[in-house]
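Since the structure comes first, as structure tokens, the remarks are kept for the end.
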Amino acid sequence: MIDEIYLDMDQVLCDYDYWLDFHNARMPNGKSDWVLLDEIGPIYWAKMPWLESGRQLYKDVLKYCNKYSLKLGILSAVGLNCGKIGKHQWLKENCPEVPLNAIILADKGDEKYKWAKPNRLLIDDREKICNAFIEAGGNAIQYTGNNIETFKQIKKLIGYR
């Protein structure tokens, strides 16, 4: 039975792509310029803007978790220490309902599967990460920005109406 829901941050709650371009921190190959992001420091991560769909998703999942006594957590990834500091600051300011012990910041997205358990559901934007989480014994939904579809999938997996 699923009793824990974990939300990713980048491109689920936060508009990472917009913020990356806003800071001219995208390399020609499309990847993040980690050297520049490290130079900017924690403030980069702490001031990421919400995705509007992500803000609504957070509110709706929080309400759902409260209604059905489910644990709400964050499972995100960033390898930079300044990123971990900044993401914690962002969560403290924007998601104060999520306790510190329910926040997991992996070094790499590809490591999220390590926190997979049969009672956990991860909502993440990357199909590869969702598949690895499922293969490791957890449950996952790939987030596309469509909150109605996401909640249909949540209800189907968890079984509450």
Side-chain angles (χ1 to χ4, degrees), residues 1-22 42-78 80 82-161:
M1 178 170 90
I2 296 171
D3 59 8
E4 298 180 19
I5 299 177
Y6 285 82
L7 299 171
D8 178 35
M9 289 178 69
D10 305 333
Q11 291 309 115
V12 174
L13 299 180
C14 308
D15 198 342
Y16 179 82
D17 285 341
Y18 163 80
W19 204 231
L20 192 68
D21 292 336
F22 180 84
I43 194 76
Y44 173 85
W45 308 95
K47 296 300 180 185
M48 277 195 296
W50 278 98
L51 277 169
E52 282 310 311
S53 60
R55 184 190 312 258
Q56 191 60 52
L57 177 71
Y58 176 75
K59 289 177 184 177
D60 292 344
V61 170
L62 178 63
K63 183 177 176 182
Y64 189 81
C65 286
N66 287 337
K67 181 176 182 179
Y68 295 107
S69 300
L70 304 173
K71 177 182 174 182
L72 176 59
I74 302 294
L75 176 51
S76 192
V78 61
L80 299 173
C82 68
K84 288 179 174 39
I85 293 167
K87 283 189 174 195
H88 274 288
Q89 290 172 348
W90 191 94
L91 290 164
K92 184 178 179 182
E93 182 177 323
N94 294 286
C95 304
E97 302 85 359
V98 178
L100 190 59
N101 67 356
I103 297 171
I104 301 167
L105 296 178
D107 288 329
K108 297 182 203 173
D110 292 347
E111 295 177 352
K112 290 181 183 180
Y113 75 90
K114 293 177 181 179
W115 286 273
K117 292 183 179 181
N119 67 319
R120 288 186 176 160
L121 169 61
L122 172 64
I123 300 174
D124 196 290
D125 62 304
R126 294 181 56 205
E127 182 179 18
K128 178 180 167 184
I129 290 172
C130 290
N131 289 340
F133 202 82
I134 292 167
E135 288 172 17
N139 302 275
I141 296 171
Q142 183 180 3
Y143 186 66
T144 62
N146 183 333
N147 291 350
I148 293 170
E149 183 57 36
T150 299
F151 260 88
K152 282 181 187 175
Q153 291 180 49
I154 290 171
K155 289 175 182 177
K156 183 178 177 185
L157 282 169
I158 295 179
Y160 301 125
R161 302 283 176 232

(Q) One thing to verify: whether Asp8 and Lys112 come together as a salt bridge, which I'm taking to mean a side-chain N less than 4.0 angstrom from a carboxylate O. (A) yes
**Q.** Check against side chain to side chain contact (heavy atoms under 4.5 Å, CB included), Tyr64 and Ile158
**A.** CA-CA 11 Å; Tyr64 189 81; Ile158 295 179; 4.0 Å; yes
Q: Check whether any side-chain heavy atom of Lys84 sits under 4.5 Å from a side-chain heavy atom of Leu80, and report yes or no.
A: no
Q. Is there a side-chain contact between Glu135 and Tyr113, using heavy atoms and a 4.5 Å cut-off?
A. no
Q: State, to 0.1 Å, how close Met48 and Trp19 come at their nearest heavy-atom pair, and which atoms those are.
A: CG-CD1, 3.2 Å
Q: Carefully, step by step, assess Trp90 and Cys95 under the rule side chain to side chain contact (heavy atoms under 4.5 Å, CB included).
A: CA-CA 8 Å; Trp90 191 94; Cys95 304; 3.7 Å; yes
Q. Rounded to the nearest 0.5 Å, what separation is found between the CG atom of Leu157 and the NZ atom of Lys152?
A. 14.5 Å
Q: Determine whether Asn94 and Tyr58 make a side-chain contact, defined as any pair of heavy atoms from C-beta on separated by less than 4.5 Å.
A: no
Q.
Determine whether Glu93 and Lys47 satisfy the following criterion, side chain to side chain contact (heavy atoms under 4.5 Å, CB included), listing intermediate values before the conclusion.
A. CA-CA 10 Å; Glu93 182 177 323; Lys47 296 300 180 185; 4.2 Å; yes
Q. Any donor and acceptor pair, going by atom type alone, linking the side chain of Gln142 with main-chain N or O of Arg126 inside 3.5 Å?
A. no
Q) Does any N or O in the side chain of Asp107 come within less than 3.5 Å of the main-chain N or O of Ala77, such that one atom is a donor and the other an acceptor? A) no
Q: Keeping the roles fixed (side chain from Trp115, backbone from Ile104), state whether a donor-acceptor pair exists under 3.5 Å.
A: no
**Q.** Working for side chain to side chain contact (heavy atoms under 4.5 Å, CB included), residues Asp110 and Lys128
**A.** CA-CA 8 Å; Asp110 292 347; Lys128 178 180 167 184; 3.6 Å; yes
(Q) Measuring from atom CD of Gln11 to atom OG1 of Thr144, what distance do you get when rounded to the nearest 0.5 angstrom? (A) 12.0 Å
Q: State, yes or no, whether a side-chain contact exists between Leu91 and Met9 at a heavy-atom distance under 4.5 Å.
A: yes
**Q.** Beyond-backbone contact of Leu13 with Trp50, side-chain heavy atoms, under 4.5 angstrom
**A.** yes
Q | Tyr16 and Tyr44 aromatic ring geometry - parallel, tilted or perpendicular at 30°/60° bounds | A | perpendicular
Q) Within a strict 4.5 Å, meaning less than it, do heavy atoms of the Thr150 and Val61 side chains meet? A) no
Q: Please report the closest heavy-atom contact between Gly54 and Tyr143, naming both atoms and the distance.
A: N-OH, 3.9 Å
Q.
I want to check something: taking the side chain as every heavy atom from C-beta on, are Ile43 and Gln89 in contact at a cut-off of under 4.5 Å?
A. no
Q.
In the structure I gave you, are the side-chain heavy atoms of Leu72 and Leu7 within less than 4.5 Å of one another anywhere?
A. yes
Q: Indicate the atoms forming the closest heavy-atom contact of Ala116 with Gly138, along with that distance.
A: CB-N, 3.7 Å
Q) What is the distance from atom CH2 of Trp45 to atom CG of Asp10, rounded to the nearest 0.5 Å? A) 6.0 Å
(Q) Looking at every heavy atom in both Ser53 and Gly145, which two are closest together, and how far apart are they? (A) CB-O, 3.7 Å
Q: To the nearest 0.5 angstrom, please state how far the CG atom of Asn147 sits from the CD atom of Glu52.
A: 11.0 Å
Q. Asn119 side chain to Ile2 main-chain N or O, any donor-acceptor pair under 3.5 Å?
A. no
Q: Enter the distance from Leu121:CG to Tyr6:OH here, rounded to the nearest 0.5 Å.
A: 11.0 Å
**Q.** Separation between CG of Leu75 and CD1 of Ile123, rounded to the nearest 0.5 Å
**A.** 11.5 Å
(Q) Around atom CD of Glu127, are there more than 12 heavy atoms from other residues, nucleotides or ligands closer than 6.0 Å? (A) no
